[in-house]
Student: 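Following this message is one structure expressed as structure tokens.
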Amino acid sequence: MIDESPALPAPVGAGVYNVYTGGPAGSALPTTAQLGLEPPRFCAECGRRMIVQVRPDGWWAKCSRHGQVDSTELETQR
């Protein structure tokens, strides 16, 4: 069976780095991230710190190399 769901954008998709800590993927998540209260701070692809803007209705994060992702875009993929 082929999974036809769209892949997550590179800055928050499955990558080499943890998007909350910047460490290796699979490292422990902070409690606030586990509760869904923390936006991603590091790019999953390159590990660079992202520019993050938190809004009342969500957040957006931008990697200088891999582009921008908005939390509203991710909600449609759930």
Side-chain angles (χ1 to χ4, degrees):
M1 183 168 133
I2 297 174
D3 184 16
E4 294 183 15
S5 62
L8 290 174
V12 294
V16 179
Y17 299 95
N18 183 312
V19 296
Y20 301 107
T21 65
S27 57
L29 293 178
T31 303
T32 54
Q34 291 176 12
L35 295 172
L37 302 174
E38 185 73 23
R41 304 280 180 184
F42 296 88
C43 179
E45 289 291 314
C46 63
R48 286 182 171 81
R49 185 103 166 129
M50 294 192 290
I51 300 169
V52 177
Q53 177 68 50
V54 178
R55 307 180 308 256
D57 65 339
W59 51 264
W60 62 260
K62 181 178 180 181
C63 173
S64 62
R65 302 280 192 254
H66 298 102
Q68 183 170 322
V69 63
D70 195 300
S71 62
T72 57
E73 296 170 2
L74 299 178
E75 290 298 321
T76 61
Q77 294 183 10
R78 281 191 168 180

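It should be emphasised that the depicted structure is a prediction, and the values quoted were computed from it without experimental measurement.
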Student: Dump the intermediate steps for side chain to side chain contact (heavy atoms under 4.5 Å, CB included) on T72 and R55, then the final yes or no.
Tutor: CA-CA 11 Å; T72 57; R55 307 180 308 256; 3.8 Å; yes
Student: Going hydrophobic residue to hydrophobic residue with side-chain gaps under 4.5 angstrom, can you get from V16 over to V19?
Tutor: no
Student: Do you know which two heavy atoms are closest between A28 and T21, and how far apart they sit?
Tutor: O-CG2, 4.0 Å
Student: Ignoring hydrogens, what is the shortest heavy-atom contact between D70 and W59? Give both atom names and the distance.
Tutor: OD1-O, 3.5 Å
Student: Output side-chain donor-acceptor pairs under 3.5 Å for residues 43-52, partner residues at least two apart or in another chain, one line each.
Tutor:
none

Student: Give me the atom names and distance for the closest heavy-atom approach of N18 to P24.
Tutor: CB-O, 3.8 Å
Student: Please check: side-chain N/O of Q68 versus main-chain N/O of W60, any donor-acceptor pairing under 3.5 Å?
Tutor: no
Student: Atom OH of residue position Y20 - does it have more than 12 heavy atoms of other residues, nucleotides or ligands inside 6.0 Å?
Tutor: yes
